[in-house]
Number of protein chains: 2
Amino acid sequence: MDQPPPQRRRTPDPGAGEVGERVRALRRQRGFSLSHLARLAGVGKATLSGLENGTRNPTLETLYAITAQLGVPLTAVLSGPAHEPVVRGAAVTATLLEVFTEAEATFELYRMRVAPGPGQLSPAHQPGVTEHVTVFSGVLRAGPADAPSTATTGGHLRWVSDVPHSYAALGDEEVQATLLLRYPGRTRLFPNLDGSA
Amino acid sequence: MDQPPPQRRRTPDPGAGEVGERVRALRRQRGFSLSHLARLAGVGKATLSGLENGTRNPTLETLYAITAQLGVPLTAVLSGPAHEPVVRGAAVTATLLEVFTEAEATFELYRMRVAPGPGQLSPAHQPGVTEHVTVFSGVLRAGPADAPSTATTGGHLRWVSDVPHSYAALGDEEVQATLLLRYPGRTRLFPNLDGSA
DNA sequence: ATCCGCTGTTCCGTAAACGGAACGGCGACC
DNA sequence: GGTCGCCGTTCCGTTTACGGAACAGCGGAT
């Protein structure tokens, strides 16, 4: 016999609601009303309302029209692991955001999260490598293993990481931070991740 | 007077055709036939065919179902790593790298370059917005217009940017930095009274 | 008080993206 | 030769995302 329609459901969900939440957050940040943004983007208010509330499944064109007026790339509102963690340890999870190749040095910018609890020790990098950490949430104790420093929200740490170094979150809160690695010359930690497809 | 004809056209196009080309390339890489991928993803062959040929404007759900079966994030098929500057002024050029949406706040991470010469003044942001700048090349003088601070390579600046603020590169060298903007998360009608966080 | 103007939601007809089926084309096997 | 299976495209009816209009709620001006 004919099968009934074979389960139109597809995937757990890309986070349909999350996209709407991000759009709404970005819109509010800019002080735009829903009506205003809809007019700017050339889409109906019903469309934007439904999108923000997760009751519609927008087309690429619609979503692009909106994010363009918000001044963000499409990828900024898409949920999910746009970038997969490239460094994962007991406490530290880092995601490569960007690679800057300059004349004198190469920079790798990571978003880093450090879970509360015992810290994590990382081996030495190549000579001349420096790390710059900007904490924007939580309290981080990090630096050379024999002389770490502490930074809280808004704080900044910097050290030469050609020696073993440690990361640890103080307190109960997960640490959110950005990590900037500076390599002299042009050697890269992850040569195949430059995304210059 | 009446609205002018409502200009149904939106934007130059995010590269509708490009998305299709990338999907097709990824599919062929994996040795999948169109029919096979359509079946895997649970979408109609007509849908996938039209998408690859650029004659359809897919919904997020459709595109996600397909990219998931290709084993790539949605962003892999969207207009690539083309980050265009989103802020441009006399001295400052900034590129939005990432948006982090947290429970209490939203963060926008920029890569910023400040050209040597006269600085640039930026208007106040909304209340509660803070800026965190990490300098990794050059000498930057920035902060509230009436009380800027100076940071050199490896330095860090932080200020509340609900007042006009300025950026200027000291010396002849262009300043390279990362800029983290922190927006208080949900726009609350009443300020938080609990004082936590 | 009434009126605005604006917010965001909901209703509704239209346009189009959707899945399924049918199509022509091609290679393998009988 | 015919037949099968799969390829990718096209046709077609259904579903739904779309924009416009109407709606209730609210703050400010008169």
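Heavy-atom basis, side chains included; hydrogens, waters and symmetry copies ignored. In what follows, chains are A, B, ... by sequence order, proteins preceding strands, each numbered from 1.
- To the nearest angstrom, P of dA17(D) lies 16 Å from CD of E52(A).
- Contact check, T47(A) against dG19(D): a side-chain N or O comes under 4.0 Å of OP1 or OP2.
- The interatomic distance linking L51(A) (CG) with dG8(C) (P) rounds to 14 Å, in whole Å.
- Sequence order on DNA chain D of the closest nucleotides to R39(B) and A46(B) puts R39(B) first from the 5' end.
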Next on the checklist: Pair R141(A), T150(A) - check side chain to side chain donor-acceptor pair (under 3.5 Å), show working.
Outcome noted: CA-CA 4 Å; R141(A) 184 160 181 82; T150(A) 303; 2.6 Å; yes
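- Rounding to whole angstrom units, CG of residue L60(A) and P of dC18(D) are separated by 11 Å.
- The listed nucleotides are dT9(D), dC18(C), dA17(D); the one nearest the side chain of N57(A) is dA17(D).
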Checklist entry - Is there a side chain to side chain donor-acceptor pair (under 3.5 Å) between Y167(B) and E131(B) once you walk through the steps? => result CA-CA 12 Å; Y167(B) 305 90; E131(B) 301 198 16; 2.5 Å; yes
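- Of the candidate nucleotides dC12(C), dG8(C), dC18(C), dG8(C) has the atom lying nearest to any side-chain atom of S33(A).
- For the OP1/OP2 pair of dG8(D) and a distance below 4.0 Å, the side-chain nitrogens and oxygens of R27(B) include at least one atom meeting the criterion.
- A side-chain N or O of E173(A) and one of S137(A) form a donor-acceptor pair less than 3.5 Å apart.
- Note on S35(A): a side-chain N or O is less than 4.0 Å away from OP1 or OP2 of dT7(C).
- Between dG8(D) and S49(B), no contact under 4.0 Å exists linking OP1 or OP2 to a side-chain N or O.
- Taking a 4.5 Å side-chain heavy-atom cut-off between Ile, Leu, Val, Met, Phe, Trp and Tyr, the cluster of L170(A) extends to V139(A).
- At least one side-chain nitrogen or oxygen of N53(A) sits closer than 4.0 Å to the OP1 or OP2 atom of dT9(C).
- Close to dC18(C), at under 4.0 Å from its OP1 or OP2, lies a side-chain N or O of T59(B).
- Straight-line distance from the CG atom of L34(B) to the P atom of dC23(C): 20 Å, rounded to whole Å.
- Rounded to an integer number of Å, the gap from CZ of R56(A) to P of dA17(C) is 14 Å.
- Along DNA chain C, the nucleotide nearest to K45(B) and the one nearest to T55(B) differ in position, and the one closer to the 5' end is contacted by T55(B).
- For H36(A), taking side-chain heavy atoms from C-beta onward, the closest of the listed nucleotides dA17(C), dA22(C), dT7(C) is dT7(C).
- The CG-P distance, from L48(A) to dC18(D), rounds to 10 Å in whole Å.
- Residues that satisfy the salt bridge (charged side-chain N to carboxylate O under 4.0 Å, His left out) test with R39(B), not counting sequence neighbours, are absent from this structure.
- Atom CG of L40(A) is separated from atom P of dG19(D) by 14 Å (rounded to the nearest Å).
- Taking atom CD of residue E61(B) and atom C1' of nucleotide dC18(C), one finds them 10 Å apart after rounding to whole Å.
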